[in-house]
Participant: 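Right, I'll just put the structure down here and ask away after.
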Amino acid sequence: MLIRPPTDFKDCDVTDHGLYLRRREFVLGSAGVGAASLIGASSAQAAALKYRPNRMAIDEDKTPLKDVTGYNNFYEFGTDKSDPARYAKMMKTRPWTVIVAGLCDKPGQYGVDDLIRRFPLEERIYRMRCVEAWSMVIPWVGFPLASLIKAAAPTSQAKYVAFQTLRDSRQMPGQRSDILNWPYQEALRLDEALNPLTLMAVGLYGQTLPNQNGAPIRLVVPWKYGFKGIKSIVRIQFTANRPKTSWNLLAPREYGFYGNVNPDVDHPRWSQAKERRIGEFFRRKTLPFNGYGDQVAGLYRGLDPRTLY
């Protein structure tokens, strides 16, 4: 997949969303160099992963590892971009169980290492576009979510797939604040979840996933804004009705259920037409569906583009 970067031009910065949200903490009170070294600083289980060669690459420079692991939104550990790298090291990612339940014929409980052994891993180099108008290019390692869904055998009544993050304020100090209604929840339509691009990531840059990036297993949906990529998943459930999702519950006018990247639909507080690629000086144009329209636009045929946000 070859996509030339469009012409960049200067644009004004928007307020960092984490800083914007921290206004609530001030009112309510807050609660108390190589790949191996960077990742090992936050994950005791850091190790090289065995995976298939990259099958889905883009012709763009990868974001440096130090930025991928040091500039994160993971509010379970705080709202500053550096908080996840600072505090996530306390989270224990082994043993770790993922429950698969709901409208399926083969529910079960899986250790994350069992999933890694069961489903062959592959590298996917994807763009990642944050709703805050910054972006990265990240080499993920994982397996298609479709593989796990097919193993679970959802029934004909299943229309959605819901995800839930670990809730443990002892390990995740950000959960001591009420910035969100914990645990974090996200969801996809079943056809979105089955799309070949949708990935369950267990690593990046060839190493096991760092805690601050969503260890030990997270969702990656590259045509959607980053808030759809739920981290540290402990539960996957098939449902008939559209599940509630965390950011949509908090601010439905700002965060829709779909969260598809769309340069023509602005966030209520800033433009989405341009983005700041981490490591670059000039802004670049935002691509519809983050550049993956050929693979996913058909999922939304007949829907109003504004409802997709």
Side-chain angles (χ1 to χ4, degrees), residues 17-18 33-49 51 54 62-94 96 98 112-113 115-116 121-132 134-143 145 163-166 168 171-175 180 183-184 186 197-222 224-234 246-247 277-279 290:
H17 194 215
V33 161
S37 63
L38 282 169
I39 293 175
S42 58
S43 176
Q45 293 79 31
L49 293 169
Y51 55 89
N54 176 38
K62 291 181 285 188
T63 301
L65 177 64
K66 64 180 178 61
D67 293 323
V68 174
T69 59
Y71 190 88
N72 309 104
N73 283 332
F74 198 172
Y75 292 159
E76 282 81 351
F77 298 102
T79 56
D80 285 343
K81 294 294 187 288
S82 60
D83 283 345
R86 182 178 298 117
Y87 300 118
K89 61 177 67 71
M90 68 182 68
M91 183 174 68
K92 296 180 180 179
T93 61
R94 297 297 192 282
W96 190 279
V98 178
V112 67
D113 292 315
L115 292 174
I116 291 172
L121 302 181
E122 54 192 68
E123 184 183 56
R124 302 279 186 88
I125 302 177
Y126 284 159
R127 300 179 195 87
M128 193 284 288
R129 173 60 155 81
C130 182
V131 73
E132 298 168 357
W134 55 267
S135 63
M136 296 183 177
V137 174
I138 302 175
W140 301 104
V141 177
F143 59 88
L145 176 56
F163 306 85
Q164 183 176 304
T165 295
L166 175 70
D168 186 343
Q171 299 190 73
M172 295 175 152
Q175 291 180 342
L180 287 170
Y184 195 93
E186 257 305 334
L197 291 176
T198 307
L199 192 71
M200 296 296 285
V202 296
L204 57 77
Y205 268 99
Q207 302 284 321
T208 53
L209 199 62
N211 286 9
Q212 64 264 35
N213 292 95
I217 187 166
R218 62 164 293 166
L219 181 68
V220 177
V221 194
K224 295 180 179 286
Y225 291 115
F227 68 86
K228 297 293 293 185
I230 186 170
K231 306 175 180 74
S232 302
I233 296 169
V234 295
S246 292
W247 282 105
R277 177 67 54 81
I278 299 301
N290 206 23

Participant: Starting at CD of Q171, measure out to OG1 of T93 and round the result to the nearest 0.5 Å.
Facilitator: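 Here the rounded value is 9.0 Å.
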Participant: Would a distance-only check, ignoring hydrogens and angles, find a side-chain to backbone donor-acceptor pair under 3.5 Å from K231 to N73?
Facilitator: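 Checking the backbone N and O of N73 against the side chain of K231, a donor-acceptor pair under 3.5 Å is found.
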Participant: Between K81 and E132, is the side-chain contact (heavy atoms from CB on, under 4.5 Å) condition met? List the steps.
Facilitator: CA-CA 12 Å; K81 294 294 187 288; E132 298 168 357; 3.0 Å; yes
Participant: Do W140 and Y205 have side-chain atoms, one donor and one acceptor, less than 3.5 Å apart?
Facilitator: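 No, no side-chain donor-acceptor contact under 3.5 Å.
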Participant: Report the distance from atom CE of M200 to atom CD1 of I217, rounding to the nearest 0.5 Å.
Facilitator: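 M200 atom CE to I217 atom CD1 measures 4.0 Å (nearest 0.5 Å).
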Participant: Specify the closest pair of heavy atoms between T69 and P210, including all atoms of both residues, with the distance to one decimal.
Facilitator: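 Looking at all heavy atoms of both residues, the closest pair is CG2-CG, 3.9 Å.
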Participant: Please report the closest heavy-atom contact between S232 and W96, naming both atoms and the distance.
Facilitator: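 Scanning both residues completely, I find the closest heavy atoms to be O-CZ2, 3.5 Å.
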Participant: Are the charged groups of D113 and R94 less than 4.0 angstrom apart, N to O?
Facilitator: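 Counted as a salt bridge, because a side-chain N and a carboxylate O are separated by less than 4.0 Å.
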Participant: Which value, rounded to the nearest 0.5 Å, describes the distance between M128 atom CE and T63 atom OG1?
Facilitator: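 So the gap between those two atoms works out to 8.0 Å.
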Participant: Under a 3.5 Å threshold, yes or no: a donor from one side chain and an acceptor from the other, between K89 and N211?
Facilitator: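 K89 vs N211: no donor-acceptor pair found between side chains.
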Participant: So, does T208 use its side chain to make a donor-acceptor pair with the main chain of G203 at under 3.5 Å?
Facilitator: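 Here the side-chain-to-backbone pair does not exist.
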Participant: Do the non-hydrogen side-chain atoms of V137 and R277 ever get within less than 4.5 Å of each other?
Facilitator: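 Contact flag for V137/R277 side chains = yes.
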Participant: Should the ring pair Y225 and F227 be called parallel, tilted or perpendicular, given that the plane angle runs from 0 to 90° and is split at 30 and 60?
Facilitator: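 The rings of Y225 and F227 lie parallel, inter-plane angle below 30°.
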Participant: Test V234 against every option in L166, T165, V98 by the side chain to side chain contact (heavy atoms under 4.5 Å, CB included) rule and name the one that passes.
Facilitator: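 Exactly one pass, corresponding to L166.
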Participant: Roughly how far apart are L180 CG and Y75 OH, rounded to 0.5 Å?
Facilitator: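 Atom-to-atom, L180:CG and Y75:OH are 8.0 Å apart.
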Participant: Which value, rounded to the nearest 0.5 Å, describes the distance between M172 atom CE and M90 atom CE?
Facilitator: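 If we round to the nearest 0.5 Å, M172:CE and M90:CE are 10.5 Å apart.
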Participant: Mind running side-chain hydrogen bond (donor to acceptor under 3.5 Å, both in side chains) on Q212 and D83 for me, showing each step along the way?
Facilitator: CA-CA 9 Å; Q212 64 264 35; D83 283 345; over 6 Å; no
Participant: Are any side-chain N or O atoms of Q164 and backbone N or O atoms of Y184, one a donor and one an acceptor, separated by less than 3.5 Å?
Facilitator: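 Not at all, since once roles are kept as given, no pair shorter than 3.5 Å links the two residues.
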Participant: Do K62 and I125 pass the side-chain contact (heavy atoms from CB on, under 4.5 Å) test, and can you show the C-alpha distance, the side-chain angles, and the key distance before you say yes or no?
Facilitator: CA-CA 8 Å; K62 291 181 285 188; I125 302 177; 4.2 Å; yes
Participant: Please give me the minimum heavy-atom distance between N213 and L204, naming the atom from each residue.
Facilitator: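 Nearest pair, atom of N213 first, then L204: CG-CD2, 3.8 Å.
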Participant: Going by atom types only, do S135 and R129 share a side-chain donor-acceptor pair under 3.5 Å?
Facilitator: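 Short answer, no.
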Participant: Compare every heavy atom of G142 with every heavy atom of L199, then report the nearest pair and how far apart it is.
Facilitator: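 Closest approach of L199 to G142: CD1-C, 3.7 Å.
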Participant: For the backbone of S246 and the side chain of E186, can you confirm whether one donor and one acceptor N or O come within less than 3.5 Å of each other?
Facilitator: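 Not at all, since once roles are kept as given, no pair shorter than 3.5 Å links the two residues.
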Participant: Any idea which heavy atoms bring V220 and A201 closest together, and the distance?
Facilitator: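 Nearest heavy atoms, V220 then A201: CG2-CB, 3.8 Å.
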Participant: Restricting to non-hydrogen atoms, name the atom on M91 and the atom on A215 that form the minimum distance, rounded to 0.1 Å.
Facilitator: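 Residues M91 and A215, closest heavy atoms: CE-O, 3.4 Å.
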Participant: Distance check, rounded to the nearest 0.5 Å: L197 atom CG versus K224 atom NZ?
Facilitator: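 So the gap between those two atoms works out to 11.5 Å.
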Participant: Does any non-hydrogen side-chain atom of F163 lie less than 4.5 Å from one of L145?
Facilitator: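 In short, these two side chains touch, coming nearer than 4.5 Å.
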